[in-house]
Amino acid sequence: MMITITEEAKNKLTEMIVSEGKIPRIDAEISGGCGVSVKFLIVFDEPRRNDLSIEKDGIQLRLDRFTKRYLDEETQIDFSEDGGFLVGESFASSACAIDFD
């Protein structure tokens, strides 16, 4: 897995690591019923027992195996004042199958 961090995201992550005093984690937010929607977030919380640790550009990131499954092979982390952190590509699947036979 290759993670790239834009300059804007690196600056904001560094600032938040100092102010929060915690290591950021990439987290997958899964929602939906029949179909699945996945959105990736950056959260600052306590480490989880099975977190993986990745260091990129001097910034340590954590993620769990569940989230890693949904990330693309190449994932970019960006930041904008309007949208906050943007992690990879969010996606939706409408894999509902109804059999009327």
With rounding to the nearest 0.5 angstrom, report the [atom1] to [atom2] distance, [X] to [Y].
X     : Y     : atom1 : atom2 : result
Asp72 : Ile3  : CG    : CD1   : 11.0 Å
Lys22 : Glu46 : NZ    : CD    : 4.5 Å
Phe85 : Thr6  : CZ    : OG1   : 9.0 Å
Ile30 : Phe40 : CD1   : CZ    : 7.0 Å
Met2  : Thr4  : CE    : OG1   : 6.0 Å
Lys68 : Thr75 : NZ    : OG1   : 10.5 Å

Hey, does Leu41 have a side-chain heavy atom less than 4.5 Å from the side chain of Lys39? yes

Ile42 and Asp27, any side-chain heavy atoms less than 4.5 Å apart: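 Asp27 vs Ile42: side chains apart.
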
Flag yes if Leu86 and Tyr70 sit in one hydrophobic cluster, no otherwise; membership is Ile, Leu, Val, Met, Phe, Trp, Tyr, and two members link when side-chain heavy atoms are under 4.5 Å apart. no

Are Leu61 and Val43 joined in one hydrophobic group, where the rule is that I, L, V, M, F, W and Y side chains link up if heavy atoms are under 4.5 Å apart?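 Different clusters: Leu61 never reaches Val43 through Ile, Leu, Val, Met, Phe, Trp or Tyr contacts under 4.5 Å.
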
Test side-chain contact (heavy atoms from CB on, under 4.5 Å) applied to Ile59 and Leu13, Ile23, Ile77, the passing residue: Leu13

With a 3.5 Å cut-off and sequence neighbours excluded, list the donor-acceptor pairs that the side chains of residues 51-58 form with protein atoms.
from: Asp51; atom 1: OD2; to: Arg48; atom 2: N; distance (Å): 3.0
from: Asp51; atom 1: OD2; to: Arg62; atom 2: NH1; distance (Å): 2.7
from: Ser53; atom 1: OG; to: Gln60; atom 2: NE2; distance (Å): 2.6

Has Thr67 got a side-chain atom pairing as donor or acceptor with Ala28's backbone, closer than 3.5 angstrom? yes

Counting only heavy atoms not in Glu20, do more than 12 fall under 6.0 Å of its CD? yes

Please check if atom CZ in Arg65 has more than 12 non-hydrogen atoms from other residues, nucleotides or ligands closer than 6.0 Å.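 12 or below, so no.
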
Test side-chain contact (heavy atoms from CB on, under 4.5 Å) on Val87 and Ile26; report intermediate values, then the result. CA-CA 8 Å; Val87 181; Ile26 302 172; 3.9 Å; yes

Set out, in order, the CA-CA distance, both residues' side-chain angles and the distance that settles side-chain contact (heavy atoms from CB on, under 4.5 Å) for Phe79 and Ile5, then state yes or no. CA-CA 9 Å; Phe79 178 82; Ile5 304 174; over 6 Å; no

